[in-house]
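What follows is a short report on a single structure.
Because only heavy atoms are used, hydrogens play no part in the values below, and waters and symmetry mates are left out as well, while side chains stay in.
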Amino acid sequence: MAMLKNYGACLKDSTLQFPRPNCGDINKRRNAKWKSAQAAVIPNFHLPMRSFEVKNRTSVDDIKSLRLITAIKTPYLPDGRFDLEAYDALVNMQIVDGAEGVIVGGTTGEGQLMSWDEHIMLIGHTVNCFGGSIKVIGNTGSNSTREAIHATEQGFAVGMHAALHINPYYGKTSLEGLVSHFESVLPMGPTVIYNVPSRTGQDIPPGVIHTVAQSANLAGVKECVGNDRIKQYTDNRIVVWSGNDDQCHDARWDYGATGVISVTSNLIPGLMRQLLFKGKNPSLNAKIMPLVNWLFEEPNPIGLNTALAQLGVVRPVFRLPYVPLPLAKRVEFVNIVKEIGRENFVGEKDVKVLDDDDFILVGRY
(Lines give C-alpha, C1' and ligand atoms only; values in the text may rest on other atoms or scores of the structure.)
Protein backbone atom coordinates (compact mmCIF):
# COMPACT_ATOMS: atom_id res chain seq x y z
CA MET A 1 0.00 0.00 0.00
CA ALA A 2 2.86 2.35 0.84
CA MET A 3 4.39 1.73 -2.59
CA LEU A 4 1.11 2.48 -4.35
CA LYS A 5 0.63 5.61 -2.32
CA ASN A 6 4.13 6.79 -3.17
CA TYR A 7 3.54 6.07 -6.89
CA GLY A 8 0.30 8.09 -6.76
CA ALA A 9 2.17 10.92 -5.13
CA CYS A 10 4.69 10.87 -7.93
CA LEU A 11 1.91 11.12 -10.51
CA LYS A 12 0.33 13.97 -8.59
CA ASP A 13 3.65 15.75 -8.39
CA SER A 14 4.35 15.21 -12.10
CA THR A 15 1.06 16.78 -13.12
CA LEU A 16 2.05 19.93 -11.30
CA GLN A 17 5.10 20.28 -13.53
CA PHE A 18 3.19 20.84 -16.84
CA PRO A 19 3.10 24.57 -17.77
CA ARG A 20 -0.25 26.28 -18.10
CA PRO A 21 -1.05 27.74 -21.52
CA ASN A 22 -0.52 31.46 -21.94
CA CYS A 23 -3.69 33.20 -23.17
CA GLY A 24 -1.60 35.72 -25.07
CA ASP A 25 0.14 32.94 -27.01
CA ILE A 26 -3.20 31.36 -27.90
CA ASN A 27 -4.60 34.63 -29.25
CA LYS A 28 -1.41 35.22 -31.22
CA ARG A 29 -1.73 31.81 -32.90
CA ARG A 30 -5.41 32.38 -33.68
CA ASN A 31 -4.69 35.69 -35.39
CA ALA A 32 -1.63 34.49 -37.27
CA LYS A 33 -1.98 34.09 -41.05
CA TRP A 34 -1.78 30.44 -42.17
CA LYS A 35 1.16 29.52 -44.36
CA SER A 36 1.59 26.38 -46.43
CA ALA A 37 4.24 23.89 -45.36
CA GLN A 38 6.87 24.74 -47.97
CA ALA A 39 9.15 21.98 -46.81
CA ALA A 40 6.59 19.41 -48.00
CA VAL A 41 7.13 20.43 -51.63
CA ILE A 42 10.71 19.91 -52.74
CA PRO A 43 11.39 20.85 -56.38
CA ASN A 44 13.56 18.51 -58.44
CA PHE A 45 13.52 15.96 -55.62
CA HIS A 46 14.89 12.56 -56.68
CA LEU A 47 14.27 9.35 -54.84
CA PRO A 48 17.37 7.32 -53.99
CA MET A 49 16.57 4.72 -56.66
CA ARG A 50 16.84 7.23 -59.48
CA SER A 51 20.06 7.16 -61.45
CA PHE A 52 21.56 9.83 -63.66
CA GLU A 53 23.96 7.35 -65.24
CA VAL A 54 23.17 7.62 -68.96
CA LYS A 55 26.08 5.98 -70.78
CA ASN A 56 24.14 2.75 -71.32
CA ARG A 57 20.72 4.32 -71.80
CA THR A 58 18.86 4.26 -75.10
CA SER A 59 18.65 7.67 -76.72
CA VAL A 60 15.29 9.29 -77.24
CA ASP A 61 16.02 9.45 -80.98
CA ASP A 62 16.36 5.65 -81.07
CA ILE A 63 12.81 5.36 -79.75
CA LYS A 64 11.47 8.07 -82.06
CA SER A 65 12.63 6.12 -85.11
CA LEU A 66 10.67 2.93 -84.37
CA ARG A 67 7.91 2.19 -86.87
CA LEU A 68 6.49 -1.15 -85.77
CA ILE A 69 6.03 -1.67 -82.03
CA THR A 70 4.02 -4.66 -80.84
CA ALA A 71 1.94 -4.49 -77.69
CA ILE A 72 2.98 -8.01 -76.76
CA LYS A 73 0.62 -10.58 -75.27
CA THR A 74 1.40 -12.18 -71.89
CA PRO A 75 0.67 -15.95 -71.96
CA TYR A 76 -0.19 -18.01 -68.87
CA LEU A 77 0.26 -21.44 -67.38
CA PRO A 78 -2.86 -23.34 -66.21
CA ASP A 79 -2.43 -21.96 -62.68
CA GLY A 80 -2.36 -18.38 -63.96
CA ARG A 81 1.38 -17.76 -63.63
CA PHE A 82 3.36 -16.40 -66.57
CA ASP A 83 4.27 -18.93 -69.24
CA LEU A 84 7.74 -17.55 -69.96
CA GLU A 85 8.55 -20.28 -72.48
CA ALA A 86 5.57 -19.27 -74.63
CA TYR A 87 6.30 -15.59 -74.01
CA ASP A 88 9.89 -15.95 -75.22
CA ALA A 89 8.70 -17.72 -78.36
CA LEU A 90 6.22 -14.89 -79.04
CA VAL A 91 8.88 -12.19 -78.67
CA ASN A 92 11.26 -14.19 -80.87
CA MET A 93 8.62 -14.36 -83.60
CA GLN A 94 8.29 -10.59 -83.44
CA ILE A 95 12.04 -10.14 -83.84
CA VAL A 96 12.30 -12.60 -86.73
CA ASP A 97 9.41 -10.95 -88.60
CA GLY A 98 10.67 -7.41 -88.21
CA ALA A 99 9.04 -5.73 -85.22
CA GLU A 100 11.37 -3.12 -83.76
CA GLY A 101 9.93 -2.76 -80.28
CA VAL A 102 7.58 -4.35 -77.77
CA ILE A 103 5.33 -2.81 -75.16
CA VAL A 104 5.59 -5.03 -72.07
CA GLY A 105 2.66 -5.17 -69.66
CA GLY A 106 0.43 -2.78 -71.60
CA THR A 107 -3.32 -3.19 -71.98
CA THR A 108 -2.77 -5.98 -74.50
CA GLY A 109 -0.24 -7.63 -72.20
CA GLU A 110 -2.72 -7.31 -69.32
CA GLY A 111 -0.57 -5.18 -67.09
CA GLN A 112 -3.81 -4.19 -65.40
CA LEU A 113 -4.04 -7.76 -64.07
CA MET A 114 -0.46 -7.91 -62.81
CA SER A 115 1.08 -7.13 -59.47
CA TRP A 116 3.93 -4.63 -59.72
CA ASP A 117 6.35 -7.43 -58.85
CA GLU A 118 5.13 -9.41 -61.86
CA HIS A 119 5.22 -6.29 -63.99
CA ILE A 120 8.82 -5.35 -63.26
CA MET A 121 9.96 -8.97 -63.42
CA LEU A 122 8.53 -9.34 -66.94
CA ILE A 123 10.16 -6.09 -68.08
CA GLY A 124 13.50 -7.22 -66.66
CA HIS A 125 13.14 -10.68 -68.19
CA THR A 126 12.41 -9.19 -71.62
CA VAL A 127 15.40 -6.87 -71.44
CA ASN A 128 17.68 -9.68 -70.24
CA CYS A 129 16.65 -12.07 -73.02
CA PHE A 130 15.93 -9.77 -75.95
CA GLY A 131 17.14 -6.25 -75.14
CA GLY A 132 19.97 -6.49 -77.66
CA SER A 133 17.59 -7.34 -80.52
CA ILE A 134 14.47 -5.28 -79.87
CA LYS A 135 13.55 -2.14 -77.93
CA VAL A 136 11.73 -2.86 -74.69
CA ILE A 137 9.17 -0.24 -73.67
CA GLY A 138 7.76 -0.95 -70.23
CA ASN A 139 4.27 0.15 -69.31
CA THR A 140 4.94 1.76 -65.95
CA GLY A 141 2.01 4.17 -66.03
CA SER A 142 -0.59 4.43 -63.30
CA ASN A 143 -3.47 6.61 -62.15
CA SER A 144 -1.34 7.19 -59.04
CA THR A 145 1.64 9.47 -59.65
CA ARG A 146 3.44 7.85 -56.73
CA GLU A 147 3.09 4.40 -58.30
CA ALA A 148 4.07 5.70 -61.73
CA ILE A 149 7.25 7.25 -60.34
CA HIS A 150 8.23 4.15 -58.39
CA ALA A 151 7.47 1.70 -61.21
CA THR A 152 9.32 3.82 -63.75
CA GLU A 153 12.39 3.98 -61.54
CA GLN A 154 12.29 0.21 -61.22
CA GLY A 155 11.71 -0.27 -64.95
CA PHE A 156 14.73 1.79 -65.93
CA ALA A 157 16.74 0.12 -63.17
CA VAL A 158 16.14 -3.29 -64.78
CA GLY A 159 17.11 -1.94 -68.18
CA MET A 160 13.99 -0.99 -70.14
CA HIS A 161 14.70 1.34 -73.04
CA ALA A 162 11.65 3.57 -72.60
CA ALA A 163 8.53 3.98 -70.50
CA LEU A 164 4.90 4.08 -71.58
CA HIS A 165 2.68 6.40 -69.55
CA ILE A 166 -1.08 6.72 -69.62
CA ASN A 167 -2.98 9.65 -68.14
CA PRO A 168 -4.55 9.05 -64.70
CA TYR A 169 -7.82 7.18 -65.22
CA TYR A 170 -11.06 6.77 -63.24
CA GLY A 171 -10.25 9.41 -60.63
CA LYS A 172 -8.91 11.64 -63.43
CA THR A 173 -7.47 15.09 -62.81
CA SER A 174 -7.32 18.63 -64.20
CA LEU A 175 -5.24 19.66 -67.21
CA GLU A 176 -2.70 21.17 -64.83
CA GLY A 177 -2.69 17.86 -62.97
CA LEU A 178 -1.97 15.99 -66.21
CA VAL A 179 1.03 18.21 -66.87
CA SER A 180 2.33 17.73 -63.32
CA HIS A 181 1.82 13.96 -63.53
CA PHE A 182 3.80 13.62 -66.76
CA GLU A 183 6.48 16.06 -65.61
CA SER A 184 7.02 13.81 -62.57
CA VAL A 185 8.10 10.86 -64.72
CA LEU A 186 9.63 12.43 -67.82
CA PRO A 187 13.01 13.21 -66.21
CA MET A 188 13.74 9.50 -65.76
CA GLY A 189 14.23 8.53 -69.39
CA PRO A 190 12.67 8.20 -72.87
CA THR A 191 8.90 8.30 -72.51
CA VAL A 192 5.89 7.58 -74.73
CA ILE A 193 2.59 9.12 -73.64
CA TYR A 194 -0.50 7.04 -74.41
CA ASN A 195 -3.81 8.75 -75.15
CA VAL A 196 -6.82 6.40 -75.22
CA PRO A 197 -9.93 8.21 -73.93
CA SER A 198 -12.15 5.16 -74.50
CA ARG A 199 -10.29 3.46 -71.62
CA THR A 200 -9.30 6.36 -69.38
CA GLY A 201 -12.46 8.45 -69.72
CA GLN A 202 -10.36 11.56 -70.38
CA ASP A 203 -8.70 12.92 -73.50
CA ILE A 204 -5.18 14.32 -73.32
CA PRO A 205 -5.60 17.51 -75.36
CA PRO A 206 -2.82 18.82 -77.61
CA GLY A 207 -2.16 21.71 -75.21
CA VAL A 208 -0.94 19.27 -72.57
CA ILE A 209 1.32 17.44 -75.04
CA HIS A 210 2.80 20.68 -76.37
CA THR A 211 3.59 21.72 -72.79
CA VAL A 212 5.33 18.50 -71.78
CA ALA A 213 7.05 18.27 -75.18
CA GLN A 214 9.51 20.83 -73.79
CA SER A 215 11.11 17.83 -72.06
CA ALA A 216 13.88 16.27 -74.15
CA ASN A 217 12.73 12.85 -72.89
CA LEU A 218 9.36 12.90 -74.63
CA ALA A 219 9.82 10.37 -77.42
CA GLY A 220 6.28 10.80 -78.72
CA VAL A 221 2.62 9.97 -78.34
CA LYS A 222 0.60 6.83 -78.91
CA GLU A 223 -2.59 8.45 -80.17
CA CYS A 224 -5.97 6.71 -80.40
CA VAL A 225 -8.24 9.71 -81.07
CA GLY A 226 -7.73 9.57 -84.83
CA ASN A 227 -5.69 10.73 -87.78
CA ASP A 228 -6.71 14.39 -87.64
CA ARG A 229 -5.25 14.59 -84.15
CA ILE A 230 -2.13 12.81 -85.39
CA LYS A 231 -1.67 15.45 -88.09
CA GLN A 232 -1.89 18.20 -85.46
CA TYR A 233 1.16 16.72 -83.81
CA THR A 234 3.17 15.81 -86.88
CA ASP A 235 2.67 19.32 -88.26
CA ASN A 236 4.42 20.49 -85.08
CA ARG A 237 7.19 17.89 -85.34
CA ILE A 238 5.95 15.75 -82.47
CA VAL A 239 6.46 12.03 -83.09
CA VAL A 240 3.24 10.01 -83.09
CA TRP A 241 2.37 6.34 -83.35
CA SER A 242 -1.14 5.36 -84.31
CA GLY A 243 -2.85 3.39 -81.57
CA ASN A 244 -5.53 2.13 -83.96
CA ASP A 245 -4.62 -0.75 -86.25
CA ASP A 246 -7.50 0.03 -88.59
CA GLN A 247 -6.13 3.55 -89.19
CA CYS A 248 -2.38 2.95 -89.08
CA HIS A 249 -1.82 2.58 -92.84
CA ASP A 250 -3.33 5.99 -93.60
CA ALA A 251 -1.77 7.47 -90.45
CA ARG A 252 1.67 6.40 -91.66
CA TRP A 253 1.41 7.43 -95.30
CA ASP A 254 -1.07 10.33 -95.29
CA TYR A 255 -0.87 11.95 -91.86
CA GLY A 256 2.81 11.74 -90.96
CA ALA A 257 2.73 9.14 -88.19
CA THR A 258 6.05 7.41 -87.57
CA GLY A 259 4.31 4.05 -87.26
CA VAL A 260 1.99 2.04 -85.07
CA ILE A 261 1.87 0.46 -81.64
CA SER A 262 -0.04 -2.59 -82.72
CA VAL A 263 -2.16 -5.43 -81.38
CA THR A 264 -2.57 -7.13 -84.76
CA SER A 265 1.21 -7.53 -85.17
CA ASN A 266 1.09 -10.18 -82.44
CA LEU A 267 -0.53 -12.34 -85.12
CA ILE A 268 0.89 -11.11 -88.44
CA PRO A 269 4.08 -9.15 -87.72
CA GLY A 270 5.50 -9.67 -91.20
CA LEU A 271 2.46 -8.21 -92.95
CA MET A 272 2.29 -5.31 -90.52
CA ARG A 273 5.95 -4.51 -91.21
CA GLN A 274 5.26 -4.58 -94.93
CA LEU A 275 2.33 -2.20 -94.41
CA LEU A 276 4.53 0.33 -92.62
CA PHE A 277 7.81 0.06 -94.51
CA LYS A 278 7.02 -0.64 -98.16
CA GLY A 279 4.99 2.41 -99.12
CA LYS A 280 1.27 2.80 -99.63
CA ASN A 281 -0.47 -0.52 -100.03
CA PRO A 282 -4.25 -0.15 -99.86
CA SER A 283 -4.80 -3.68 -101.15
CA LEU A 284 -2.80 -5.22 -98.30
CA ASN A 285 -4.52 -2.91 -95.84
CA ALA A 286 -7.90 -4.09 -97.13
CA LYS A 287 -6.75 -7.72 -96.97
CA ILE A 288 -5.99 -7.61 -93.26
CA MET A 289 -8.97 -5.46 -92.29
CA PRO A 290 -11.36 -8.39 -91.61
CA LEU A 291 -8.82 -9.66 -89.05
CA VAL A 292 -8.46 -6.22 -87.46
CA ASN A 293 -12.22 -5.80 -87.21
CA TRP A 294 -12.60 -9.28 -85.72
CA LEU A 295 -9.93 -8.58 -83.10
CA PHE A 296 -11.74 -5.53 -81.76
CA GLU A 297 -15.38 -6.65 -81.78
CA GLU A 298 -14.94 -7.25 -78.05
CA PRO A 299 -12.60 -5.22 -75.84
CA ASN A 300 -8.93 -5.96 -76.42
CA PRO A 301 -7.24 -8.35 -75.50
CA ILE A 302 -10.16 -10.82 -75.62
CA GLY A 303 -9.91 -11.38 -79.38
CA LEU A 304 -6.12 -11.61 -79.41
CA ASN A 305 -6.03 -14.08 -76.51
CA THR A 306 -8.57 -16.27 -78.30
CA ALA A 307 -6.73 -16.08 -81.61
CA LEU A 308 -3.30 -16.97 -80.20
CA ALA A 309 -4.81 -19.96 -78.40
CA GLN A 310 -6.44 -21.11 -81.63
CA LEU A 311 -3.10 -20.82 -83.41
CA GLY A 312 -1.53 -23.03 -80.74
CA VAL A 313 1.19 -20.57 -79.74
CA VAL A 314 -0.15 -20.00 -76.22
CA ARG A 315 -2.14 -22.18 -73.84
CA PRO A 316 -5.89 -21.42 -73.82
CA VAL A 317 -5.66 -19.87 -70.34
CA PHE A 318 -7.42 -16.61 -69.46
CA ARG A 319 -6.99 -14.50 -66.37
CA LEU A 320 -10.44 -13.29 -65.42
CA PRO A 321 -12.26 -11.04 -66.09
CA TYR A 322 -11.29 -11.89 -69.69
CA VAL A 323 -13.05 -14.85 -71.28
CA PRO A 324 -12.69 -16.31 -74.79
CA LEU A 325 -14.81 -15.31 -77.74
CA PRO A 326 -17.84 -17.55 -78.35
CA LEU A 327 -17.78 -20.56 -80.67
CA ALA A 328 -19.22 -18.73 -83.69
CA LYS A 329 -16.45 -16.11 -83.54
CA ARG A 330 -13.80 -18.82 -83.21
CA VAL A 331 -15.11 -20.46 -86.36
CA GLU A 332 -14.98 -17.07 -88.07
CA PHE A 333 -11.34 -16.68 -87.08
CA VAL A 334 -10.39 -19.99 -88.70
CA ASN A 335 -11.92 -18.74 -91.95
CA ILE A 336 -10.05 -15.41 -91.69
CA VAL A 337 -6.75 -17.24 -91.22
CA LYS A 338 -7.40 -19.36 -94.31
CA GLU A 339 -8.30 -16.26 -96.33
CA ILE A 340 -5.15 -14.34 -95.39
CA GLY A 341 -2.96 -17.44 -95.43
CA ARG A 342 -1.77 -19.49 -92.46
CA GLU A 343 1.83 -18.83 -93.47
CA ASN A 344 1.39 -15.16 -92.61
CA PHE A 345 0.48 -15.87 -88.98
CA VAL A 346 2.76 -16.66 -86.05
CA GLY A 347 3.31 -20.27 -85.06
CA GLU A 348 3.41 -23.47 -87.07
CA LYS A 349 0.44 -25.48 -85.84
CA ASP A 350 -2.83 -25.73 -87.74
CA VAL A 351 -5.43 -23.21 -86.63
CA LYS A 352 -8.22 -24.83 -84.59
CA VAL A 353 -11.68 -23.80 -83.50
CA LEU A 354 -11.25 -25.15 -79.92
CA ASP A 355 -14.13 -26.29 -77.75
CA ASP A 356 -15.45 -24.33 -74.79
CA ASP A 357 -14.02 -26.97 -72.47
CA ASP A 358 -10.52 -26.40 -73.86
CA PHE A 359 -10.29 -23.00 -72.17
CA ILE A 360 -9.16 -22.48 -68.59
CA LEU A 361 -10.41 -19.44 -66.72
CA VAL A 362 -8.33 -18.43 -63.70
CA GLY A 363 -9.74 -16.16 -61.02
CA ARG A 364 -6.89 -16.35 -58.52
CA TYR A 365 -3.51 -15.48 -59.91
Item to check | Distance-only polar pair, side chains of Asn195 and Asp203, donor-acceptor under 3.5 Å | outcome: yes
Next on the checklist: List the residues meeting side-chain contact (heavy atoms from CB on, under 4.5 Å) with Asp250, not counting sequence neighbours, and say none if there are none.
Outcome noted: Asn227, Asp254, Tyr255
Next on the checklist: Do Ile193 and Val136 land in one hydrophobic cluster if side-chain heavy atoms of ILVMFWY residues count as linked below 4.5 Å?
Outcome noted: no
Next on the checklist: Ignoring hydrogens and geometry beyond distance, is a side-chain donor-acceptor pair present between Thr126 and Tyr87 at under 3.5 Å?
Outcome noted: yes
Next on the checklist: Tell me every residue that passes ring-ring contact (aromatic ring centres under 6.0 Å, His included) with Phe318, counting only those two or more places apart in sequence or in another chain.
Outcome noted: Phe359
Checklist entry - Side chains of Leu90 and Pro75: does their closest heavy-atom pair fall under 4.5 Å? => result yes
Item to check | Test side chain to side chain contact (heavy atoms under 4.5 Å, CB included) applied to Leu295 and Leu267, step by step | outcome: CA-CA 10 Å; Leu295 276 173; Leu267 299 172; 3.9 Å; yes
Checklist entry - Which heavy atom in Ile69 sits nearest to a heavy atom in Ser265, and how many Å separate them? => result O-OG, 4.4 Å
Next on the checklist: Are Ile103 and Val221 connected into the same hydrophobic cluster when the rule is that any two of I, L, V, M, F, W, Y join if their side-chain heavy atoms are below 4.5 Å apart?
Outcome noted: no
Checklist entry - Passes side chain to side chain contact (heavy atoms under 4.5 Å, CB included), Ile238 versus Thr234? Steps please. => result CA-CA 5 Å; Ile238 293 174; Thr234 57; over 6 Å; no
Next on the checklist: Tell me whether Leu164 shares a hydrophobic cluster with Val196, the cluster being built from Ile, Leu, Val, Met, Phe, Trp, Tyr side chains joined at under 4.5 Å.
Outcome noted: yes
Item to check | Ser262 and Asp245: side chain donor to acceptor below 3.5 Å | outcome: yes
Checklist entry - Is there a donor-acceptor contact under 3.5 Å linking the side chains of Trp294 and Glu332? => result no
Item to check | Test log, rule side chain to side chain contact (heavy atoms under 4.5 Å, CB included), inputs Phe333 and Thr306 | outcome: CA-CA 9 Å; Phe333 177 70; Thr306 306; over 6 Å; no
Item to check | Polar contact flag, side-chain donor to acceptor under 3.5 angstrom, His165-Thr152 | outcome: yes
Checklist entry - Can a donor-acceptor pair be found between the side chains of Asn305 and Glu110 at a distance below 3.5 Å? => result yes
Item to check | Lys135 and Thr58, any side-chain heavy atoms less than 4.5 Å apart | outcome: yes
Item to check | Pair Glu297 + Lys329, salt bridge at N-O below 4.0 Å | outcome: yes
Checklist entry - Is it the case that Asn281 and Ser283 place a side-chain donor and acceptor less than 3.5 Å from each other? => result yes
Item to check | Side chain to side chain, Asn244 and Phe296, heavy atoms closer than 4.5 Å | outcome: no
Checklist entry - Can you check side chain to side chain donor-acceptor pair (under 3.5 Å) on Trp241 and Glu223, steps first, answer last? => result CA-CA 6 Å; Trp241 294 271; Glu223 183 58 71; over 6 Å; no
Checklist entry - In the single-linkage hydrophobic clustering (I, L, V, M, F, W, Y; side-chain heavy atoms under 4.5 Å), do Ile120 and Leu122 co-cluster? => result yes
Item to check | Side-chain donor-acceptor contact under 3.5 Å, Asn300 with Thr108 | outcome: yes
Checklist entry - Side-chain heavy atoms under 4.5 angstrom apart, residues restricted to Ile, Leu, Val, Met, Phe, Trp, Tyr: same cluster for Met188 and Phe182? => result no
Next on the checklist: Taking side-chain contact (heavy atoms from CB on, under 4.5 Å) as the definition, give me every residue that meets it alongside Asp356, ordered by chain and number, with sequence neighbours left out.
Outcome noted: Arg330
